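This is a predicted model, so every value here is computed, not measured. Labels below follow one simple rule: chain letters A, B, ... track the order of the sequence lines, proteins then strands, and each chain is numbered from 1.
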2 protein chains.
Amino acid sequence: MANQINSQLDNVFFALSHPTRRQMLDRLIDSDLSVTDISRGYNNAGPTISKHLRVMESAGLIQRTKRGRVHWVKLNPKPLKGVGDWMGQYKKFWDISLSSLDTYLKKISTKKRK
Amino acid sequence: MANQINSQLDNVFFALSHPTRRQMLDRLIDSDLSVTDISRGYNNAGPTISKHLRVMESAGLIQRTKRGRVHWVKLNPKPLKGVGDWMGQYKKFWDISLSSLDTYLKKISTKKRK
DNA sequence: ACAATACTTAGCCAAATGGCTAATCAAATA
DNA sequence: TATTTGATTAGCCATTTGGCTAAGTATTGT
């Protein structure tokens, strides 16, 4: 139970500890991407990219769907909730997060008013 | 510059990827602790604890002060701000899709309608 | 049918990680 | 002064990581 969650957190934090993997995730915010799309811009060989993807997959941060020979990769942000929860303990220290949520809420309600 | 920040983030995420280290940080929320205090409850040998502490220190997550032969360890939450900032990009996903904000927005709009 | 494309697997390598014991350093105490 | 206590450094070991190349599996195009 708590241990399961914990080791999942391990995987998530570990996945996020490599700049290439973080950047890949960042790219996936806007749209799903093929593996070729994702690997664009890195000097890494294919298998290296593959390994990075597997790391993120076992952390639950991405999901794949094969369509034809193309593997489509989709961000799964759910595990980040765990990070956020863990971080919550520390919010009282850096406490910016509340204000950024605030800003976000304001933006939302503005849009709705149109 | 951005690379400095990035590699700092690498270190922070990596430091957080081990359950022992996360738990150590958690303990430091309430009070500063000596190294002996921190190591209480783990089956690890001294040097192993030492290594964990060094990992967190190079991530900037803790600071040490020697007083006598006791090394006091203090939480430094500042690097977590970087994590929070990075997470900010993803808030729109898990805040909304994972209930709390959704519920919140509903509550808000209900109130407004009154 | 054959060649090109999109990926993954297998397997190698150097470096880093997480654990240990033994030895060392520094400070407090008997 | 001699010894215990708090903690680190040195160095060993097995495993994991992040990179590679070569080879294999599907699927698509010619």
Side-chain angles (χ1 to χ4, degrees), chain A residues 3 6-28 31-76, chain B residues 3 6-28 31-76:
Chain A
N3 266 345
N6 238 285
S7 85
Q8 187 62 9
L9 249 195
D10 295 353
N11 293 334
V12 173
F13 275 123
F14 179 77
L16 299 179
S17 75
H18 197 290
T20 300
R21 287 190 296 254
R22 279 202 309 281
Q23 212 192 347
M24 286 173 166
L25 280 190
D26 288 350
R27 291 182 183 177
L28 287 166
S31 59
D32 299 359
L33 296 173
S34 72
V35 171
T36 313
D37 288 339
I38 287 175
S39 63
R40 222 179 293 285
Y42 303 111
N43 284 352
N44 297 317
T48 302
I49 301 288
S50 244
K51 277 193 186 176
H52 280 311
L53 291 177
R54 221 184 27 233
V55 168
M56 291 196 286
E57 199 169 23
S58 47
L61 287 165
I62 60 169
Q63 279 158 356
R64 282 149 140 149
T65 18
K66 252 164 73 177
R67 230 166 58 212
R69 61 187 165 183
V70 176
H71 296 214
W72 289 95
V73 180
K74 173 180 163 8
L75 174 69
N76 177 30
Chain B
N3 266 347
N6 237 286
S7 86
Q8 186 62 9
L9 249 195
D10 295 353
N11 293 335
V12 173
F13 275 122
F14 180 77
L16 299 179
S17 75
H18 197 290
T20 300
R21 288 191 295 255
R22 278 202 309 281
Q23 210 190 351
M24 285 172 166
L25 279 190
D26 289 350
R27 290 184 184 175
L28 287 166
S31 59
D32 299 358
L33 297 172
S34 71
V35 171
T36 313
D37 289 338
I38 287 176
S39 62
R40 222 178 294 283
Y42 303 110
N43 283 351
N44 296 317
T48 302
I49 301 288
S50 245
K51 278 193 186 178
H52 280 310
L53 291 176
R54 219 182 31 231
V55 168
M56 291 196 287
E57 198 169 24
S58 46
L61 287 166
I62 60 169
Q63 280 159 355
R64 282 149 140 148
T65 15
K66 254 163 73 177
R67 230 168 55 215
R69 61 185 165 182
V70 176
H71 296 213
W72 291 96
V73 180
K74 173 177 163 8
L75 173 68
N76 178 28

Is [X] near enough to [N] that one of its side-chain N or O atoms lies under 4.0 angstrom from OP1 or OP2?
| X | N | result |
| --- | --- | --- |
| B:R69 | D:dT4 | no |
| B:H18 | C:dG19 | yes |
| A:H71 | D:dA26 | no |

Where the side chain of [X] meets the backbone of [Y], is there a donor-acceptor pair that is under 3.5 Å apart?
| X | Y | value |
| --- | --- | --- |
| B:S17 | B:F14 | yes |
| A:R67 | A:W72 | no |
| A:D32 | A:K74 | no |
| B:R21 | B:A15 | yes |

From CA spacing to verdict: side chain to side chain contact (heavy atoms under 4.5 Å, CB included), B:Q8, B:N11: CA-CA 5 Å; B:Q8 186 62 9; B:N11 293 335; 4.0 Å; yes
Which whole-number value in Å describes the distance from [X] [atom1] to [N] [atom2]?
| X | N | atom1 | atom2 | result |
| --- | --- | --- | --- | --- |
| A:I49 | C:dA6 | CD1 | P | 14 Å |
| A:L53 | D:dT17 | CG | P | 15 Å |
| A:K51 | C:dA16 | NZ | P | 16 Å |
| A:F13 | D:dT17 | CZ | P | 17 Å |
| B:M56 | C:dG18 | CE | P | 11 Å |
| B:D10 | C:dA16 | CG | P | 14 Å |
| A:N43 | D:dG18 | CG | P | 17 Å |
| A:L16 | D:dG18 | CG | P | 12 Å |

With a non-hydrogen cut-off below 4.0 angstrom, is [X] in contact with a base, only sugar-phosphate, or nothing?
| X | answer |
| --- | --- |
| A:D37 | nothing |
| B:R67 | nothing |
| A:S34 | sugar-phosphate |

Out of C:dA6, C:dG19, D:dT8, which has the shortest distance to the side chain of B:T48? C:dG19
So if I take every side-chain heavy atom of B:R21 and compare against C:dG18, C:dC20, D:dT27, which nucleotide ends up nearest?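 Comparing C:dG18, C:dC20, D:dT27 against the side chain of B:R21, the answer is C:dG18.
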Which residue, B:P47 or A:V55, contacts DNA chain D at a nucleotide closer to its 5' end, judged by nearest heavy atom?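 The answer here is B:P47.
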5' priority, DNA chain D, between A:F14 and A:N44 [closest heavy atom]: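 Of the two residues, A:F14 wins.
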